[in-house]
Amino acid sequence: MFGKLTLQAISYDNLIVMGGIGLMLVAALTLLGLITYFHKWIYLWNEWLTSLDHKKIGIMYIILALVMLLRGFADAVMMRTQQALAVDTNQGFLTPHHYDQIFSAHGTIMIIFMAMPFLTGLINIVVPLQLGKRDVAFPFMNALSLWLTVAGALLVMVSLAIGEFSTAGWSGYPPYSEIEYSPGVGVDYWIWALMLSGAASTMTGINFLVTILLDRAPGMTLMLMPLFSWTALCTSILMTMAFPALTVVTALLGLDRYLGMHFFSNGNGGNLMNYVNLFWIWGHPEVYILILPAFGIFSEVISTFSGKRLFGYKSLVYATIVIALLSFTVWLHHFFTMGASANVNAAFGIATMVIAVPTGVKIFDWLLTMYRGRIRFTVPMLWALAFLPTFAIGGATGMLLAVPPVDFMVHNSEFLVAHFHNMLIPGAMFGFLSGYTFWFPKAFGFRLDENWGKLAFWNWLVGFYLAFIPLYYLGLMGMPRRMQHYGNPEWQPFLIVAALGAFLIFIGINCLIIQLVVSIWKRHENRDAIGDPWDGRSLEWATSSPPPAYNFAVIPEVRCIDAFMDMKEKGVAYVRPTSYQAIYLPRNTGLGVIFGGSAFVFGFAMIWHIWWLAMAAGLAMLAAIIVHSFDDDNENCMSAAEIKLIEDSRFRVLSEAKQTQKNGTHLSINPLVYQE
């Protein structure tokens, strides 16, 4: 009845696993208890879980990303501690099998279930506001994407408690991921988690591609869009085109495992190199899916906190487009050593070098934007400034790896681990944390605490250099990656430094948690009274913080690139509309939650071969879609009178803020431009 699932699936004899299960249960029960104690279940269901508001969906994406950051970084700390200890006869505290699960889970979580939800959340919150829109093109699809991602993340979390996770690495190369070498459920957990999240990312890409291309504020041509929206557009194209390759390759691997097929097993006509090509045809565009939105964030932050219009706006746009196109031409550099001809390797090596050119253009444009600017060293700006030299180091090492003979020497070594993290941590994570701090007041109505934010920043930055620069040396010394223990004592001092760096980053993560708690506690002191705490330049700052459900009572007209700054300079940013019209908004629905919950049950049942449960969950998913397709009454009408009440309240706050500033007390750092 329960397929392969038995009580032996729980590792009672592994204290580390049981400790992790205990922490997860305590956290979950505490959260459920608090929600029950404060009688928030109805509020949570009505206002959040069933919401189709793009801003709330974005916030839930970011909450998921931060939760998975804690889980993924716990794996990183364990790996670094293990390698710092496990030299010669000392085997450390992790068994080889458990260590293999940890590094597989760490890569999968950080890329698929931390970075992807983080960027998707920021895009959800910001892009419709920057475009002067009231919602995304397909609100229900947006909710489905969220809950499918949650379902995939839950499968990864459940694998810690029931069964095991994959030991085949985050890339899942055959033959080790085939049933002959991995007969357990670990690879199946990996497959179903990636298939669910991959489908979600594909839908997100389609949704924002349509949202950005087909409907923007009056006057906003493509070449008047903010840079973050441009990077979101290119990212959406990459997601739409690249993620189907991941879905297909994991599905084919599943067919190998479930039905005994031979797509990637070398027997009976299979070819494992087909897997490698399909995986990296997704995998290298994925790097730019993560990095391009961060580039957009840095553009917004550097322009805002330099007090200047972006230098070379058009060149930044063209550079973004070129990076997106070239990202599909370099995938083979991930396997220079796998037998391709010298000519093929040379072609992909040259393409890898060429893709650095538009990135260099961006860096010079950002530097020239700051030149002679009135720079404010806020927390978002610190993340952007730290990105520039740190990412340049990663890019320089990437140029080395683009040379096939050099790649042959350091392939599969710690040098590669250092380079990979040197690109994604400053190139993506620094950007996401900058955007998180920058747009937090827009989402919640109050700023994050600057002091704790700076503590988090410095711990992250110093911790990063300590954690990964030593790995370059280890790679050049010949240390392979993914080693559970080693026999060369000369490597240990570098690994101890790397472990200290990981612990500093851990302190930085804790500072972020404290920053959030302190900011909530002091939210009235840091209140964003007028919706523009940073003296912003684009349209998201033209509405209140947090924005109303409809975003804009009257859709603004755009005449230039920095649309909101232009309005402020002309004195029309806060002009009260003469009249309002009714607005139709998508009605909340619980079908997204039902679909996502059913998808989780379906994936779990397939992993454990509980066929009856898989069939029931599949039917529930189908039923949810059919019910939604027959729901024609899926909008709420907000009357002009309701909108007027909300806007009157907003303008009263604006008037009070203006009077407060005249009296010398600043509720916002932006000098208010206000007109009755």
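The structure displayed is predicted, hence computed values, not measured ones.
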Colleague: Step through it carefully: locate the ring centre of Phe387, locate the ring centre of Trp366, and say whether they are under 6.0 Å apart.
Modeller: yes
Colleague: Say whether Thr390 and Tyr465, considering side chains only, have a donor N or O and an acceptor N or O under 3.5 Å apart.
Modeller: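 Thr390 vs Tyr465: donor-acceptor pair found between side chains.
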Colleague: So how far is it from Trp48 CH2 to Ile63 CD1, rounded to the nearest 0.5 Å?
Modeller: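 One gets 6.5 Å once the value is rounded to the nearest 0.5 Å.
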Colleague: Considering residues, nucleotides and ligands other than Leu31, do more than 12 of their heavy atoms fall under 6.0 Å from its CG?
Modeller: yes
Colleague: Quick check against the 3.5 Å criterion: does Asp528 have a side-chain atom that pairs as donor or acceptor with the backbone of Asp532?
Modeller: yes
Colleague: Looking only at heavy atoms, what is the nearest atom pair of Ala428 and Leu290, with distance?
Modeller: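 Heavy atoms only, the tightest pair is CB-O, 3.8 Å.
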Colleague: To the closest 0.5 Å, what do you measure between CG (Leu292) and CD1 (Ile323)?
Modeller: 5.5 Å
Colleague: As a quick check of understanding, evaluate side-chain contact (heavy atoms from CB on, under 4.5 Å) for Leu146 and Tyr61, giving each step before the final call.
Modeller: CA-CA 7 Å; Leu146 167 67; Tyr61 263 120; 3.9 Å; yes
Colleague: Does a side-chain heavy-atom distance below 4.5 Å link Glu47 with Lys56?
Modeller: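 Glu47 vs Lys56: side chains touch.
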Colleague: Quick check: do Leu385 and Phe377 have side-chain heavy atoms less than 4.5 Å from each other?
Modeller: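 In contact.
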Colleague: Should Phe444 and Ile520 count as side-chain neighbours, where that means a heavy-atom distance under 4.5 Å?
Modeller: no
Colleague: Test your reading of the model: is there a side-chain donor-acceptor pair from Thr369 to the backbone of Phe311, 3.5 Å cut-off?
Modeller: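 At least one qualifying donor-acceptor pair exists.
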Colleague: With rounding to the nearest 0.5 angstrom, report the CD to CD1 distance, Gln83 to Ile496.
Modeller: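 The CD1 atom of Ile496 is 12.0 Å from CD of Gln83, to the nearest 0.5 Å.
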Colleague: Assess, by modelled atom type and distance only, whether the side chains of Lys442 and Thr543 contain a donor and an acceptor separated by less than 3.5 Å.
Modeller: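 The criterion, which ignores hydrogens and geometry beyond distance, is not satisfied for Thr543 and Lys442.
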Colleague: Only one of Phe298, Trp534, Trp383 forms a ring pair (Phe, Tyr, Trp, His ring centres under 6.0 Å) with Phe305, so which one is it?
Modeller: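 So, applying the ring pair (Phe, Tyr, Trp, His ring centres under 6.0 Å) to Phe305 and each of Phe298, Trp534, Trp383, only Trp534 qualifies.
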Colleague: Using modelled atom types only, decide if a donor and an acceptor are shared between the side chain of Glu414 and the backbone of Leu474 within a distance under 3.5 Å.
Modeller: no
Colleague: Please report the interatomic distance CZ(Arg523) to CD(Glu525), rounded to the nearest 0.5 Å.
Modeller: 11.0 Å
Colleague: Check Asp135 against Leu52 and note the closest heavy-atom contact, atom names and distance.
Modeller: OD2-O, 3.8 Å
Colleague: For Val417, does its backbone N or O pair with a side-chain atom of His421 as donor and acceptor, under 3.5 Å?
Modeller: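 Side chain of His421 to backbone of Val417: a pair is present.
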Colleague: To check you understand the geometry: which heavy-atom pair defines the closest contact between Glu300 and Phe228, and what is its length?
Modeller: OE2-N, 3.0 Å
Colleague: How long is the span from the CH2 atom in Trp452 to the CG atom in Asn510, to the nearest 0.5 Å?
Modeller: 9.5 Å
Colleague: Identify the two heavy atoms, one from Gly531 and one from Ser545, that lie closest to each other, and give their separation to 0.1 Å.
Modeller: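 For Gly531 versus Ser545, the nearest heavy atoms are CA-OG, 3.2 Å.
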Colleague: For atom CG of Leu15, decide whether the heavy atoms of other residues, nucleotides or ligands shown that lie under 6.0 angstrom number more than 12.
Modeller: no
Colleague: Do His54 and Thr211 come close enough that some side-chain heavy atom pair is under 4.5 Å?
Modeller: no
Colleague: Using only atom types and a distance under 3.5 Å, with no angle test, would you say the side chain of Lys55 pairs donor to acceptor with the backbone of Asn124?
Modeller: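 No; zero donor-acceptor contacts below 3.5 Å.
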Colleague: Could you tell me whether Phe438 and Trp541 have their ring centroids closer than 6.0 angstrom?
Modeller: yes
Colleague: Answer yes or no: is there a side-chain heavy-atom contact under 4.5 Å between Val150 and Phe600?
Modeller: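 Not in contact.
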Colleague: Between Pro117 and Ala65, which heavy-atom pair has the shortest distance, and what is it?
Modeller: CB-CB, 4.0 Å
Colleague: Looking at Trp45, is its backbone amide N or carbonyl O close enough to the side chain of Thr50 to form a donor-acceptor pair, meaning the two atoms are under 3.5 Å apart?
Modeller: yes
Colleague: For Phe118 and Phe432, I'd like to know if the aromatic rings sit close, meaning centre-to-centre distance below 6.0 Å.
Modeller: yes
Colleague: Pick from Arg374, Lys308, Lys568, Arg376: which one makes a salt bridge (Lys or Arg N to Asp or Glu O under 4.0 Å) with Asp535?
Modeller: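 Considering Arg374, Lys308, Lys568, Arg376, a salt bridge (Lys or Arg N to Asp or Glu O under 4.0 Å) with Asp535 is found only for Lys568.
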Colleague: Can you tell me how far the CG atom of Leu495 sits from the CG atom of Leu471, to the nearest 0.5 Å?
Modeller: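 CG of Leu471 is found 7.0 Å from CG of Leu495.
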Colleague: Does Ser159 use its side chain to pair, donor to acceptor, with the backbone of Val156 at less than 3.5 Å?
Modeller: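 Present.
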Colleague: Tell me, with the steps shown, if Thr149 and Met68 meet side-chain contact (heavy atoms from CB on, under 4.5 Å).
Modeller: CA-CA 12 Å; Thr149 305; Met68 298 309 287; over 6 Å; no
Colleague: Is it the case that the ring center of Phe295 lies less than 6.0 angstrom away from the ring center of Tyr288?
Modeller: no
Colleague: Taking the ring of Phe446 and the ring of Phe440, is the distance between their centroids below 6.0 Å?
Modeller: yes
Colleague: What I'd like to find out is whether the side chain of Ser145 reaches to under 4.5 Å of the side chain of Asn207, using heavy atoms alone.
Modeller: no
Colleague: Over 60° means perpendicular and under 30° means parallel, so tell me whether Phe468 and Phe464 are parallel, tilted or perpendicular.
Modeller: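 Rings of Phe468 and Phe464: tilted, as their planes differ by 30° to 60°.
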Colleague: Report yes or no: does Thr108 contribute a side-chain atom to a donor-acceptor pair with the main-chain N or O of Ala105 at less than 3.5 Å?
Modeller: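 No, the answer is negative, given that no donor and acceptor are paired below the 3.5 Å cut-off.
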Colleague: Which atom names give the shortest non-hydrogen contact between Val379 and Gly453, and what distance separates them?
Modeller: CG2-C, 3.8 Å
Colleague: Between Met110 and Leu69, is any pair of side-chain heavy atoms under 4.5 Å apart?
Modeller: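 A side-chain contact exists here, since the closest heavy-atom pair is under 4.5 Å.
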Colleague: Between Gln82 and Phe93 (side chain of the first, backbone of the second, donor and acceptor by atom type, cut-off under 3.5 Å), is there such a pair?
Modeller: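 A pair under 3.5 Å: yes.
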Colleague: Less than 4.5 Å apart, side chain to side chain, heavy atoms only: is that true for Gln515 and Leu455?
Modeller: no
Colleague: Between the side chain of Ser434 and the main-chain N/O of Phe430, is any donor-acceptor distance below 3.5 Å?
Modeller: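 Such a contact is absent between Ser434 side chain and Phe430 backbone.
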Colleague: Using the side-chain contact (heavy atoms from CB on, under 4.5 Å) rule, take Arg527 and Val653 through it: C-alpha gap first, then chi angles, then the decisive distance, then the call.
Modeller: CA-CA 12 Å; Arg527 186 165 64 95; Val653 172; 4.3 Å; yes
Colleague: Hey, mind stepping through Thr304 and Met381 against side-chain contact (heavy atoms from CB on, under 4.5 Å) and telling me if it holds?
Modeller: CA-CA 9 Å; Thr304 299; Met381 190 64 171; over 6 Å; no
